[in-house]
Protein chains: 2
Amino acid sequence: MDDAVGPRHDEPIPDATVARLPVYLRGLVELSDDGVATVSSVVLASLAGVNAANVRKDLSYLHAHGTRGVGYDVDHLIGEISLALGGGVPSPVVIIGVGNLGRALSRYDGFLAGGFPVAGLVDVDPAVVGRKVAGNLVRSVEDLDDLVVETGCTIGIVATPAAAAQAAVDSLVASGVTSILNFAPTVVTVPDRVDLRQVDLATELQILGYHQHYRAVEERSDRATG
Amino acid sequence: MDDAVGPRHDEPIPDATVARLPVYLRGLVELSDDGVATVSSVVLASLAGVNAANVRKDLSYLHAHGTRGVGYDVDHLIGEISLALGGGVPSPVVIIGVGNLGRALSRYDGFLAGGFPVAGLVDVDPAVVGRKVAGNLVRSVEDLDDLVVETGCTIGIVATPAAAAQAAVDSLVASGVTSILNFAPTVVTVPDRVDLRQVDLATELQILGYHQHYRAVEERSDRATG
DNA sequence: AGGCGCTTGTGCACCATTTCACATGGTATC
DNA sequence: GATACCATGTGAAATGGTGCACAAGCGCCT
């Protein structure tokens, strides 16, 4: 554990930690903008809405060590987290499906700010191919391979209707994309080597609906049983 | 477990299960549309992309029991899951923030189909207040209370810029909304009685970025060490 | 130089969730 | 009616994550 055995193959960071790193990063950037130089785990925890011990454990997976009695160096931490989350190199993304959601996503500033510029838009509908959306020309799915190669983009965002999602994913995979963010409300499958995340808007509401319903049922029951 | 002890106060369903129920529901509706009457846990699991034992355990939390040797009744299961996820009653939602994302969300069919009709749109910008978006009049934040009361909606969707998100959340809470879905890329706080979910688009990409980077680093390391 | 106060880093126990494996109990067939 | 087959429902182990509590370490102040 402490011997120098050559190039150290960083161990993987737990998924739960990875999911929190972007939240820490946002808080840290804000602190840095405000001229704050160091931050304690307690402060960072409150900014991120998590437990302080959790923050410390999360940061211990990075090679970013803090200083006891002082805290963590804000700028250094920003560097370390950025490095872990993609090496600090911007990764262009391609959006497939230029409907309501696709258009909104292509205009979303947060992607660019987060280091994910939109490299191109793609759709199957001839009516939108050739148009410009948010400064990007919409290209045909046949051009996807070229687009991916030209721009070197490795991340695809699927914003098609559910019925077209699997085909869109297959096209992306065939083009060499290795990470996919799927907004279509359907389960899609990818080869093992491809990383897939699902964002399902309707599902999120249904989850809220459950809790709301449960609260209501419980309340009724409380009133009945006293 | 079998004695009649009066009005049974259903026990809460684990969060992880609740998050999967909508996925099961989608698969089941598809099966029902195809005229399939019963489904086994194995088939449903493959439709939802999870383990079969997990499906069975999840369904055991509902009062939907299957038939050994046969499987689950598709339509009955649809009813039970719908009931758990909000009682089968449509819950109108209000969207606050009518920018790119807010407009896309207000046009998103999946909400209506999932039982979450858009009851109204709200924004602080006088330039958009009074306009119609997707058939809905955009109203001022000052009208939020009235809107919530009139439509009886209990779910709010925050689609404002990050800087305005906490204020938007506070307004929603003050109006009596008890469930909030926040798309703004910032941590917001709510009282205990309010349920909050966060959907962060840039964060999702950053998580993908981590895995991609990690794969790349590991590969380089593999090549180096043989 | 020494002591004090503050904050990190982490062992450990707890909790939630997943998965396996199998007993249980139905259905269909002969 | 008995038997073979099949899928459910669940105990129990394994896994992954969280949070407490405290030892260790660092800087500041005297």
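As the structure is a prediction and not an experimental result, all values here were calculated from the model. Naming: A, B, ... by sequence-line order, numbering from 1 per chain.
Base contact: A/Ala53 has a heavy atom under 4.0 Å from a base atom.
Put simply, the side chain of A/Ser32 never gets that close to the backbone of A/Leu28: no donor and acceptor are under 3.5 Å apart. The backbone N or O of A/Arg197 lies less than 3.5 Å from no partner atom in the side chain of B/Glu204, so there is not a single donor-acceptor pair. At least one donor-acceptor pair under 3.5 Å links the side chain of B/Tyr210 to the backbone N or O of A/Ile13.
Note: CG (A/Asn51) to P (C/dC14) measures 17 Å, nearest angstrom. Atom-to-atom, CG of A/Asp58 to P of D/dT18 comes out at 7 Å; the value is rounded to the nearest Å. Atom-to-atom, CG of A/Leu62 to P of C/dT10 comes out at 13 Å; the value is rounded to the nearest Å. In this entry the distance linking CG of A/Leu59 with P of C/dT10 reads 12 Å, nearest Å. The distance from atom CG of A/Asp73 to atom P of C/dT7 is 16 Å, rounded to the nearest whole Å. As a whole-Å value, the separation of B/Leu77 CG from D/dT8 C1' is 13 Å. Distance CG (B/Leu44) to P (D/dA7): 14 Å, rounded to an integer number of Å.
For B/Tyr72 and D/dG9, the shortest distance from a side-chain N or O to OP1 or OP2 is below 4.0 Å. For the pair B/Asn54 and C/dT18, the criterion of a side-chain N or O lying under 4.0 Å from OP1 or OP2 is met. Residue A/Arg20 places at least one side-chain N or O under 4.0 Å from the OP1 or OP2 atom of D/dT18. A/His65 has no side-chain polar atom (N or O) that falls below the 4.0 Å cut-off from OP1 or OP2 of C/dT8.
Comparing D/dG11, D/dG27, C/dT27 by their nearest atom to the side chain of B/Lys57 picks out D/dG11. Closest approach to the B/Val70 side chain among D/dG27, D/dT18, C/dT27 is made by C/dT27 (side chain taken as heavy atoms from C-beta onward).
Counting atom types as modelled, A/Arg68 pairs a side-chain N or O with a base atom of C/dT8 as donor and acceptor under 3.5 Å.
Of the residues in residues 24-42 of chain A, none lies under 4.0 Å from DNA chain D by heavy-atom distance.
Between B/Asn100 and A/Arg103, the side chains place no donor N or O within less than 3.5 Å of an acceptor N or O (distance only, hydrogens not considered).
In this structure, the side chain to side chain contact (heavy atoms under 4.5 Å, CB included) partners of A/Ala162, at least two apart in sequence or on a different chain, are A/Pro185, A/Thr186. Taking the ring pair (Phe, Tyr, Trp, His ring centres under 6.0 Å) definition, one finds that B/Tyr24 meets it with nothing, sequence neighbours left out.
Between B/Gly69 and B/Pro14, the residue anchored nearer the 5' end of DNA chain C, judged by the nucleotide with its closest heavy atom, is B/Pro14. Nearest-nucleotide positions on DNA chain D for A/Tyr61 and A/Arg56 put A/Tyr61 closer to the 5' end.
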query: Are A/Arg26 and B/Asp200 close enough, and set up right, to give a salt bridge (charged side-chain N to carboxylate O under 4.0 Å, His left out), and what steps lead you there?
result: CA-CA 12 Å; A/Arg26 267 205 318 254; B/Asp200 195 322; 2.4 Å; yes

